[in-house]
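Here's the structure we're looking at; comments come further down.
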Amino acid sequence: MKSFSILLYLGFLAAISEGQVCNDDRGNLQMCSPPFVNAAFNRSVQATNTCGQAGPTEFCPISDWGRRLPCQVCDAQSPRTRHPPEMTTDAEFPRTWWQSDTMFDGIRYPVVVNLTLDLKKSYDIDYITLRFQTSVPESFAIFKRTTESSDWTPYHFFSASCRNTYGKPDRWYPTAADEAICSSKRGYTDLFPLTGVRVPFSTLDFRPGLSSFDNNPVLQEWVSATAIRISLTRMDTFGDEDFGGDTVLKSYYYAISDIVVGARCNCNGHASECYTPESQESDREVCRCQHYTAGVDCEKCLPMYNDKPWARATSSSAYECQRCECNNKADSCSFDQDLYQSTGRGGRCVDCRDNTDGPHCERCKDNHYQRSSDGRCTSCDCDPVGMFVSDGCII
Ligand SMILES: *[C@@H]1O[C@H](CO)[C@@H](O)[C@H](O)[C@H]1NC(C)=O
Ligand SMILES: *[C@@H]1O[C@H](CO)[C@@H](O)[C@H](O)[C@H]1NC(C)=O
């Protein structure tokens with residue numbers, strides 16, 4: 001299925017373990033997480049440009065060793081010669097790839113081509129690996145979205161001209177937990193072979209604060225993403241395009257054979273599985289929440305379990321949510337910080353039934369009294385027996 005066995009760039013998040021169960025053998029609750037997967041596998045990808053969409057176009061590949069090969073055709077209508085973006089996330093064999101139009105067709109800096117991959121849910125990203133079918137572009141960037149409605153934030157810039165293209169210095173290490181750095185191309189590729197090179201980006205390598213990941217909200221947010229965007233900015237043409245003819249221009253284009261996203265479905269330590277609910281209209285995924293948590297990412301407590309503040313599970317505590325005491329008179333409670341500080345129980349029951357009131361539905365509402373015959377809270381106005389001070393009503 002979605003799991004895959006050959007992991008080339010196992011990083012910090014992958015190393016913690018396989019998926020973990022939320023209750024151990026002895027029934028103790030513990031931090032848990034879904035298995036480590038390739039979150040890109042079999043996902044749809046949107047590209048702002050794909051070759052052959054306005055009719056067949058010609059491209060002239062360059063071999064691994066820099067030789068120009070015979071020209072070929074890309075035709076989005078033809079099953080044999082099309083290169084749609086989904087070919088970056090399909091099965092590896094036989095190798096298929098996405099491809100853009102060529103420089104001849106107008107794909108040239110500052111025209112940028114974006115590939116966007118929606119993960120359908122937030123994932124904790126460990127690494128992203130791109131495998132280029134052409135030579136590695138001169139400048140490209142990876143962006144991510146933390147929530148479905150947030151802006152795109154930069155993850156990493158790869159460029160042989162960091163300052164010129166992205167206005168950033170060329171760096172090896174980030175100095176802040178959530179800093180997207182630009183690293184020069186020469187650091188991660190050799191000149192040959194030109195094609196089929198894998199470029200990895202590890203989200204946590206050398207990040208300040210990594211040793212306290214469990215207690216570091218900035219890093220936790222940094223690895224979390226609901227969508228990934230690859231922004232292809234400049235091709236590596238070695239200056240060729242200024243001198244060559246049509247064939248030279250047709251030999252420059254973007255092509256990616258694989259996008260791999262090594263990640264875990266993000267459930268804040270409260271689930272060991274994610275799934276797509278059958279009933280819902282959309283195809284978005286959700287966590288199967290444990291520890292009395294709820295929500296797409298187990299980011300809150302179940303309605304009746306707000307006696308303590310919600311917290312992400314850590315390796316030292318599961319931080320399971322705690323049930324409120326509502327004397328069977330309510331179905332939900334909300335967390336109240338003042339109540340928590342004064343009594344140690346923060347759950348304030350909501351909509352107490354049967355004319356009850358109080359944080360735990362433990363007393364009768366104002367202008368109500370507890371009828372001695374059946375113990376029910378009864379309105380003073382409509383029962384003459386209630387007109388006694390001793391029964392809690394004021395005459
Ligand atoms: C890929 O996704 C499609 C639905 O989009 C599904 O029918 C198919 O089974 C999936 N393939 C694998 C190998 O998971
Ligand atoms: C490509 O993505 C970048 C970063 O999100 C964005 O600023 C730019 O407008 C996008 N370009 C296109 C053509 O979609």
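These values consider heavy atoms only, across backbone and side chains, with no hydrogens, waters or symmetry-generated copies. In this chain, residues are counted from 1 in sequence order. Remember, it's 1-based here, ligands and their atoms both numbered in the order they're listed. Values in this document were obtained by computation on a predicted structure and should not be read as measured data.
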Margin query: I'd like to know if the two cysteines, C349 and C333, have SG atoms within less than 2.5 Å.
Written below: no

Notebook entry, point to check: Who are the residue neighbours of ligand 2 when the rule is a heavy atom under 4.0 Å from any of its atoms?
Noted result: T48, N114, F143, W152, R229, S231

Notebook entry, point to check: Can the ring centres of W222 and Y155 be said to be less than 6.0 Å apart?
Noted result: yes

Margin query: The test is side-chain contact (heavy atoms from CB on, under 4.5 Å); show your working for N114 and S231 and say whether it passes.
Written below: CA-CA 4 Å; N114 286 339; S231 200; 2.7 Å; yes

Check: Minimum heavy-atom separation for K121 to N266, with atom names?
Finding: NZ-O, 2.7 Å

Checklist line | Polar side chain donor-acceptor pair, S161 to E138, under 3.5 angstrom | finding: yes

Check: Counting heavy atoms not belonging to K168, are there more than 12 under 6.0 Å from its NZ?
Finding: yes

